[in-house]
Amino acid sequence: MALQIFNSYSRQKEIFTPITPGHAGMYVCGPTVSGESHLGHARPYITFDVIYRYLLHKGFKVRYVRNITDAGHFEEEGREAEDKVSKKALLEKLEPMELVQKYSNLFHWAMLQFNCLEPSIEPTATGHIIEQISMIEKIIEEGYAYVVNGSVYFDVKKYAEKYPYGKLSGRVIEDLLETTRNLDGQEEKRDKADFALWKKAPPEHIMRWKSPWGEGFPGWHIECSAMATKYLGTRFDIHGGGMDLQFPHHESEIAQSTICNHEAPVNYWVHNNMITIDGRKMGKSYNNVIKLTELFTGTHPLLTQAYSPMTVRFFILQSHYRSTLDFSNDALLAAEKAFKRMWEAHETLQQLPLPPNESGNDPALESKLNGLLMELESFMDDDFNSAKVLANLFEIVPVINSFKDKILSTHDVGSGLIKLMKQHFKTYLEDIFGLKNSSEADNDKLKAVMNLLIDIRKESKSKKDFITSDKIRNQLLEQGIVLKDEKGGDMSWYIQ
RNA sequence: GGUCCUUUGGCCGAGUGGCUAGGCAAAGCUCUGCAAAAGCUUCUACAGCGGUUCGAAUCCGCUAGGGACCUCCA
């Protein structure tokens, strides 16, 4: 079946046809490592991790490039345009690179928690100053950029005469030219819509590099163009990022690369929607962020408890990546329970013994299960609809539990279908969705101790010595270990 | 102000012009020494008003609410 991707550029779903058959190149805008990641940041990384995993699952050889922005963009604070990274560094009395290192480490730690695969290449902006400078030189040569007082600006008006500037983000160039924004450097620009490729560094600016135009630092958008071109070529398959980056970041990327490379850089633009909180985008401008460390430890006023990275991952997967996802403590609580139920069923399924008969004797059940399994790929092929995949898997959960409790027999469906179920659950939950058991129960010594306690409890129960049996269960619970009696006398346990 | 998006049952969330996901919560039943699970059943929604259609939550228009971008932002 053919994979379809919603292309933000054309605003419709398109069949994914890679430039090089069997290969896929994907660039995703990575973090600016000037601060701690929050829940909102988690969405693109998990979304594109799943897209990466799914492309791999489809058999593509993927080069996944995700940059680290460590040079800092300037932001408007008061009137002074400043380098975000160096400003924070002054405040915290740290070297810029020390700050970058700290938050890079923290970011990588968070990605590990979320079980995100590492990108193939993780280039840094500061490591590609030369590439950015030569790209800017090329744009000047082509006549689409001009130098003013040591800064270089992109000539949007001229570009728009020949190319559809604004198409990706749905802007009208005339409106952009009229925008009455009062930003730093505005008086240097020929038009208000122009954007900086290189900025002259004021004396107090720590991060600065020599360039043909004097000492300065790269503009907002050039790093992604330079690094994407270097590692994926002048034209590549997929470019991802948050919807809020469409304009001006991605729009400008298109313009820069188009002039420099004489072709539009990207075939499929993919944008994830925002995570909202009380209906509002989570973002530092709104002062409503929940940092990942706060989420994992439960130390935020809005949280009643800590939530595991897998709960967050599951929460995100339960909605479609192009919809806004509203955060609340209740929603996470629900996701936690849902994930637990799904994961237990998954583990039960994997341990289910195969019946001797290859095919079953309950055609209705068989065809229902088969149908649910067969749909999974078509859901993912339809613009990565993880929510629908999970819905189908949830429909199978009661069947699995019924097998466990002997309400249904695996003979009814046969070993062929059981194998298929095992394979699909593993493929979708683990390989594609990147979920994993979040408990620390993978400890052989603990398992041995638990087996001993279970034996004792079974013995005391059989002697109707409920005082002993309850003591074992209750005291384990105090330690955060939940012991459950299963049907048929077996017992299972898990760490809360 | 401009551009665009959105509004689904107690909550979160899929969604296609007709067959009305899924999760959480709630209620009842079954199982059970108790507990927890688990199983079964129940709860039928699409902001409002018009229109198109044999038929619309799904298409169109208007009204109302919410939001995003236009400025660093995932």
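Hydrogens, waters and symmetry mates play no part in the numbers below; they use all other heavy atoms, side chains included. First the proteins, then the strands, lettered A, B, ... as listed; each starts at 1. Predicted model only: the values in this text are computed from it and were never measured.
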Residues D490(A), K458(A): salt bridge by 4.0 Å N-O rule | yes

Re G33(B): Watson-Crick or G-U wobble partner, both distances kept under 3.5 Å, found to be none

task = Identify whether any heavy atom of K404(A) sits under 4.0 Å from a base atom; if not, whether one sits that close to sugar-phosphate; answer base, sugar-phosphate or nothing.
result = nothing

task = Assess the pair F315(A) and Y307(A): is the distance between their ring centroids shorter than 6.0 Å?
result = no

Check: With a non-hydrogen cut-off below 4.0 angstrom, is Y286(A) in contact with a base, only sugar-phosphate, or nothing?
Finding: sugar-phosphate

If only side-chain N and O atoms of S319(A) are considered, is one of them under 4.0 Å from the OP1 or OP2 phosphate oxygen of A14(B)?
yes

What is the nucleic acid contact for S469(A), judged by heavy atoms within less than 4.0 Å: base, sugar-phosphate only, or nothing?
base

Report task. Would you indicate what G279(A) reaches in the nucleic acid, counting non-hydrogen atoms under 4.0 angstrom: base, sugar-phosphate, or nothing? Result -> sugar-phosphate

Any strand, both distances under 3.5 Å, Watson-Crick or G-U wobble: U44(B) pairs with none

- Message: Just to be sure I understand the rule, does F466(A) reach a base, reach only the sugar-phosphate, or reach nothing, if contact means heavy atoms closer than 4.0 Å?
- Response: base

Does G67(B) have OP1 or OP2 under 4.0 Å away from a side-chain N or O of R280(A)? yes

A64(B) -> Watson-Crick or G-U wobble partner, both distances under 3.5 Å, gives U7(B)

The side chain to side chain contact (heavy atoms under 4.5 Å, CB included) partners of A160(A) (sequence neighbours excluded) come to Y165(A), I173(A)

Hits for side chain to side chain contact (heavy atoms under 4.5 Å, CB included) against V266(A), two or more places apart or cross-chain, chain-then-number order -> F236(A), H239(A), W269(A)

Residues at least two apart in sequence or cross-chain that pass ring pair (Phe, Tyr, Trp, His ring centres under 6.0 Å) with F195(A), listed by chain then number, are F154(A), H221(A)

Pairing partner of C59(B), by Watson-Crick or G-U wobble and under 3.5 Å for both distances, is G51(B)

Among A14(B), C69(B), A38(B), the one nearest any side-chain atom of H320(A) is A14(B)

Smallest heavy-atom separation, K461(A) atom then D485(A) atom, equals NZ-OD2, 2.7 Å

Any chance you could lay out the side-chain hydrogen bond (donor to acceptor under 3.5 Å, both in side chains) test for Y64(A) and D49(A), step after step, and finish with the verdict?
CA-CA 9 Å; Y64(A) 172 23; D49(A) 183 56; 5.9 Å; no

**Request:** List the steps, then state whether ring-ring contact (aromatic ring centres under 6.0 Å, His included) holds for F114(A) with F296(A).
**Result:** CA-CA 11 Å; F114(A) 281 129; F296(A) 298 161; 5.5 Å; yes

Counting primed atoms, P, OP1 and OP2 as sugar-phosphate and everything else as base, the B/S/- map of nucleotides 18-30 of chain B against protein heavy atoms under 4.0 Å is ---BSSSS-----

* Asked: Which word best sums up how the rings of H424(A) and Y428(A) line up, parallel for under 30°, tilted for 30 to 60°, or perpendicular for over 60°?
  -> parallel

When rounded to whole Å, the CD1 to P distance for the pair I316(A) and A14(B) reads 13 Å

Exercise for the section: Tell me whether the OP1 or OP2 atom of A37(B) has a side-chain N or O from K340(A) closer than 4.0 Å. Expected result: no

Can you find a side chain N or O atom of S323(A) that sits less than 4.0 Å from OP1 or OP2 on U6(B)?
no

- Task: Answer yes or no: side-chain N or O of N273(A) and base N or O of C5(B) forming a donor-acceptor pair under 3.5 Å.
- Result: no

### Message
Mind checking if L332(A) touches a base, just sugar-phosphate, or nothing, with heavy atoms under 4.0 Å?
### Response
nothing

Residues of residues 345-353 of chain A with a heavy atom under 4.0 Å from any atom of RNA chain B, listed by number, are none

In Watson-Crick or G-U wobble terms, with both distances under 3.5 Å, the base opposite A25(B) is none

| So what does N474(A) touch, heavy atoms closer than 4.0 Å: a base, only the sugar-phosphate, or nothing? | nothing

C69(B) -> Watson-Crick or G-U wobble partner, both distances under 3.5 Å, gives G2(B)

Between W109(A) and Y103(A) (judged by ring centroids, cut-off 6.0 Å), do the two rings come close enough to count as a pair? no

Side-chain contact check for L325(A): nearest option of A74(B), C70(B), G13(B) is G13(B)

Legend entry - Phosphate OP1/OP2 of G13(B) contacted by Y321(A) side-chain N/O (<4.0 Å): no

Judged by nearest nucleotide, the residue sitting upstream toward the 5' end of RNA chain B, K13(A) or L39(A), is K13(A)

Q. Under 3.5 Å, is there an N or O donor on one side and an acceptor on the other linking the side chain of R473(A) and the base of A35(B)?
A. yes

* So what does M274(A) hit on the nucleic acid, given a heavy-atom distance under 4.0 Å: a base, only sugar-phosphate, or nothing? -> base

N272(A) CG to A68(B) P, in whole Å, measures 15 Å

Across all chains, not counting sequence neighbours, the side chain to side chain contact (heavy atoms under 4.5 Å, CB included) partners of E375(A) are L372(A), S378(A), F379(A), N392(A)

